[in-house]
Every structure is written in C-alpha cells, then in structure tokens.
Protein chains: 2
Amino acid sequence: MMNITFKQLRYFEALTRHGHFGRAADDCSISQPALSVQIKELEETLGVVLFERSARQVRLTGFGQEFAERVRDILRAVDELGDLARLAKDRMVGRLRIGVIPTVAPYLLPTLIHQLNAVHSGLDVHIRETLTQKLIAELLEGRLDTAIVALPVSEPGLVETALFEEKFVLVRSATDASAPVPSPEGMREMKLLLLEEGHCFRDQAVSFCNFRSPLPRDGLDGSSLSTLVQMVGAGIGVTLIPEMAVPVETRSAPVSLARFQGDEPSRTIGMIWRKTSPLAPRLLEIADVVRQAADQLRQQNTHLLPARPVSAA
Amino acid sequence: MMNITFKQLRYFEALTRHGHFGRAADDCSISQPALSVQIKELEETLGVVLFERSARQVRLTGFGQEFAERVRDILRAVDELGDLARLAKDRMVGRLRIGVIPTVAPYLLPTLIHQLNAVHSGLDVHIRETLTQKLIAELLEGRLDTAIVALPVSEPGLVETALFEEKFVLVRSATDASAPVPSPEGMREMKLLLLEEGHCFRDQAVSFCNFRSPLPRDGLDGSSLSTLVQMVGAGIGVTLIPEMAVPVETRSAPVSLARFQGDEPSRTIGMIWRKTSPLAPRLLEIADVVRQAADQLRQQNTHLLPARPVSAA
DNA sequence: TGTTCATCATAGGAAAAACCTATCGGAACT
DNA sequence: AGTTCCGATAGGTTTTTCCTATGATGAACA
C-alpha cells in the first residue's frame, strides 16, 4: 500500500482549515480533483475516514480531529527544518571545533576568540589544545573541523592555508643582555632548553641550530614555553620562543631578549582542514579572522620586542 | 524551488544510520543513484550540505547532526500516525457521543453503558440527555454522533434504525387497582397527567387518547415520569409510562399498574445518525448492543409488569 | 607507478505519481 | 422541476522518481 506523503498532510491540513475542497485546493494552488484524490489516498492508506462529506459541509471525524492535531505538530516541525537551514546558511552558525597547538594557543586565543565572537556572533566555538599529531588525527576522524598548526603538515586528505609567519627570538638571562648575539652555530655551544618531544616548536628550534644527531637527553625538557623561560631566568640556559609569546612569557622573569642576525629563524602558522569538508568556504572566512587577530597582536606587541641588530654585512 | 518530501527524510535518516550510500539505498529498497539524487536534492532545497563525502566514509556535518535529531522526531511522529490509524481501525476507539431522550435515558443507560464497555472496551462514551428536537439539532451540527429517540423523526439528512418497541402501561392510584381498565375513549374522562411540552412521550400519550383539540393547560404538567408517578400516588390523577420505566418509577409510590385492552399503546425507539456519517458501520454494531441491552432489561422486568387482561372479544 | 577496488555522482530513458480539464452525480435551494 | 453548489470520477498529460549504465576519484595493492 501507498505511503503517507508530505503533500497529503499539507492538503489535509488545508482542508481542515477551510472545510471545503475547492477553497482548500485554491489555497494549495492545485485543482480540486487533485486535492480530492490525495485526501482519498491518505484515507485509504490509513484505512480510516478522516472527513465526513455532506452536501453542505466537510467536517472532521472524531479520529480526524485527533489526527489533525498531530499533523499540525508535524508540519510545524518540518517548517522549522527549513528555518533552521536558512539560519545556518546566512550567518555562520552552530559548533565550530578548532584545534590549536600549545605554542600558539595561549597567545593567540584570547584575541582570536574575541574577534570571532565579534564577527560571527552565534558561532559556538570549541577549542582543543594539543600536539600537532593528535590534532591531525582528530581532524581526520571528524572530531575537529579545523586546526591551527605550524606548516607544512603534508597530510594527504588535508588542505592547508598559511595564516602568518612568526620569528623566533633568543631568550637569555638578564645578565647576558649586552653579550653578542650568537650565530646558529654558536648556539650549539650553549645550553639550549627545549620543549618535550612531540612539540613541533622543539623540532623547529633544533632544526635552526643545525644539530645533526639526536640531542643528548639531559632531563631538562620543559612542558611549556612558560617553564622554559622561568628556567632561563634561573640561569640554567637559553631558549627560543616565538615572537607572539614574548609579552606573556617574559613579563615575570629576569630574562633579556635578542633577535638573531642574518636569516632569522621563523615558522609559518597555518590552518588545516579535510579536503572534503563542506565548511571550506566558512573556514576561509575564519582564516581571515585569524589573520586579523594575529595582526592585531603583532601591533600591540611591537614595542616589547627587541630591535633587530643591524647586520654586519 | 523543490519542497522537502518524506522520502527524502527517510532516505536521509537511513544514510545517517549506515554512513554509506549503497547500504542505505539497499535498506530503502532503491538503487544507490536514486538515493544519491534525493539526498542531493534535499541539500539543494535546504541550501546546506548535510553530509561530508570522502572516499572512505560518509559523515554528517555539524548542521547535519542537528538536522538529523529533528528528522528522527518527525519520522517517529509520522509512524505514530499510522499506528494511531491502525488502532482506530481494529477496535472501535475514540469518542462516541450518544444523545438519549429523557423518557428512555434513566432506564436504558445503566444497562447500555455496562454492555458497551463490555463489548467495546476502549470506547469513550459521552452521553447527552435532552429532548428530541435538541438532539436532532446537535446531531445535524456534528456535535453528536448518534441519538436514541422515538421513531419516526423523518428528518432529511438523518437515517433511522429501529431498536425496540415498548408498550405504555396505565398508572393509577393503588386504590383503583381493581377498577376496570378504561378504553382510550374512557381516558378522556379521567384526569391525565402529562409531561411538559417538548417531550415526545407527551405527544404519544395524547395521540393514544385521541384528544382532538389542544388540552386545557391546568399547570400540572410534570417535568419527568418520576414526578408524574409521584403525583398519581398522591391521588391527583392517572398517567401513562413506558414499560421500561416501570421498575424504577413505581417502586416507591402507592400506585397500581394496568395494561390496556385491545391495541395497546406503544412506541418504537430507534437510533438515528447523519446519512453522511462515516461511523455508520460502527453505529450499526452499536445498535445491536442497544437491542441486547433492551432485551436484557425486558427479561429482568417481566415479573414486575401486570399481566395483560384477556380481551372480552 | 600503475592497477584494481570501492564508492559516490551523473546521464538517459522508463516507470510511476501527480495533476489538469471535463464531466458526473447527489443534495439543497428556488 | 430547474438551478446551483460541491465533491467524485475519468482520461490524458506533465512532472517526478527510479533504474541501468557509466564516469570520476581516491584508496589500497602489487
């Protein structure tokens, strides 16, 4: 036997309102016979008569009344589906799950979240802070919509877009403030404090110093940039941090900052998401917001950063 | 633009369950392309992408998840419509509004309601007791499903079916118990107590006695059979009541009963409903139940009724 | 690195459903 | 009786849905 269709319920509802086949049909912009047939088919499908037709009027049966109440609820729910979609289409709406690496999150997020709320109010932002590898895994599993990491990630299945570049600065004990800035090679002679394994920033720092073989483990890896800077302030060694971390991390420790000469070390921060993500257009907009947030941060912080020494050239 | 259809929602729901176009299509007993097309059409109607398709898996988007929850609710509600109808079809169910005239209601209803509950449990019986004219009006307005009245009513738009016939018996003061039973003509010499205007039973009594002109109003019309019998017991006059009323009404008054000789007065009680009523088949069943109830009443009461005097013939 | 496999999308024609115009039939009003 | 109103029915047309066949793409495999 036939199935109940949505049209039938719409026609049924119109007929309950008008109590008249012709007028209900007009209301539905179809001919009267079309409506008659659909109502009849609905009744046959149900096996129950919904209307009592007399020459004078069309009236709901007892069952029809009960039926009509439920139908109204259903039609309203379906209309709401459309509304929901229309809203989701216009303003960006719903959950947006963003992953961020630990060496970026604490510095970028306050500004970023503020901007996101301003530009896309109604967006429900969820943040996940963890290492790049986990972010990529969660992204691929569909548990994140996008992630902010250091590029490149070169993961097939993901696309990446650059957001900004950030240079690394040298953090030394305050007492070393006037000492010459070492070259990358010179760094090898110094006690360089690094983040734990798994942080991409660790690898970036190591790569800059051209260490060839695995570093001797000395048990001094820090779990955050904050820890590293505190250790430097205690005179244990030197470290690198990204520009963006400067205002937050160097405020409360007796350290001095220095830029490198020549090619300064740096990394590119970017956004990644699944190639197949239907959010892609939205994510491009989000990426713009992130760029603006980073710009804003940079401008606020310029005065805190050390001037770049003029190269000897 | 297209409208959302139930098919689309059904297909959508299947796809959320299987996460695989081919298997979902199987589940819906259609081909994979048919399902693909419908899902795509749904997405286009909404203007929102519901699924993220990758080579490995088909996953709901954030919006899709929200959408899916609502869709599930809607589909369940639609299925319940079918269930509701199936129930209504099988056992007789829902409201049944019965009107009954006052000279029948008090005697028939206790037994009838009991029987109805026994035979059609789940039937929600509403009773309305009032005069025939009002019953007919309410029936025509659709505020009653059927009525139990004295036939004929001869109302175009209504059909009638006979239920049972009931004879009228004479109620006299207990002191008149051995007096001869008067003929219809003899009744005219006696003080006959009647119900108020509007009761069909009044007209039936008057008609039996062959009164030609309007009766002189003497302010003694009773509002119920019970009142009339009490008045008879007080020696004010005589009256007629239907057999069915005997057990209830003559228990507590000093009156005697007598049957008439020759053609006993009587009336036919029947059921009426709108010609157009879709309940007609059900009402025929109900009518049978009423007949059974009346039979049962008659059997219970035989011993209380006076024997019919042998005609002089 | 090319091949195969799995999976979803697209195309074109066929089947089914929905619709429209015209007409019938019954009830009510004149 | 004639007329009007209104819903049901019939026949043919348009629209929608579906199926088979095939394309396209990315993943797994050799």
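Order of the sequence lines sets the chain letters (A, B, ...), proteins ahead of strands, with each chain counted from 1. The analysis underlying the following values was restricted to heavy atoms, covering all of them including side chains, and did not include hydrogens, waters or symmetry mates. Just so it is clear, the model here is predicted, and its values are computed rather than measured.
Taking CD of A:E66 as the reference point, atom CG of A:L50 lies at 11.5 Å (rounded to 0.5 Å). One distance of note links CD of A:E41 with CD of A:Q8; it measures 6.0 Å at 0.5 Å rounding. Interatomic distance, CG of B:L139 versus OG1 of B:T146, reported as 6.5 Å (0.5 Å rounding). Atom CD of A:E138 and atom CG of A:D145 lie 11.5 Å apart (nearest 0.5 Å).
Within the 4.0 Å cut-off from OP1 or OP2 of C:dA17, not a single side-chain nitrogen or oxygen of B:K7 is found. For D:dC18, one of the phosphate oxygens OP1 or OP2 lies less than 4.0 angstrom from a side-chain nitrogen or oxygen of B:Q38. In this model, the phosphate group of D:dG7 is not approached by any side-chain N or O of A:S36 to a distance below 4.0 Å at OP1 or OP2.
Closest-nucleotide positions on DNA chain C for A:Y11 and B:R23 were compared, and the one nearer the 5' end corresponds to B:R23.
Closest approach of B:A293 and B:L112 over heavy atoms only: CB-CA, 3.9 Å.
Between the CG atom of B:N3 and the C1' atom of D:dT16 there is a distance of 13 Å, given to the nearest Å. Distance CD1 (A:I30) to P (C:dA17): 17 Å, rounded to an integer number of Å. The interatomic distance linking B:R59 (CZ) with C:dT7 (P) rounds to 15 Å, in whole Å. Atoms CG (B:L9) and C1' (D:dT17) sit 16 Å apart, rounded to a whole Å. For the pair B:E44 CD and D:dT17 P, the interatomic distance rounds to 13 Å; values are reported in whole Å. For B:L42 and D:dT16, the CG to P distance is 16 Å, given to the nearest whole Å. B:F51 has its CZ atom 16 Å from the P atom of C:dT7, to the nearest Å. Straight-line distance from the CZ atom of A:F21 to the C1' atom of C:dC19: 16 Å, rounded to whole Å.
Between A:F12 and A:F51, the ring planes lie tilted relative to each other; the angle falls in the 30° to 60° range.
Between B:I101 and B:E129 there is no side-chain heavy-atom pair separated by less than 4.5 Å.
When each of C:dC8, C:dC20, D:dG7 is scored by its nearest atom to the side-chain atoms of A:R53, the top-ranked nucleotide is D:dG7. Nearest to the side-chain atoms of A:K40 among the listed nucleotides C:dT10, D:dT20, D:dT9 stands D:dT9. Listed candidates were C:dA18, C:dT7, C:dC20. Nearest to the side chain of B:H20 is C:dT7.
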Enumerate all atom pairs, one protein N or O and one N or O from nucleotides 23-30 of chain C, separated by less than 3.5 Å.
unit_1, atom_1, unit_2, atom_2, d
C:dA28, O3', A:R56, NH2, 3.4

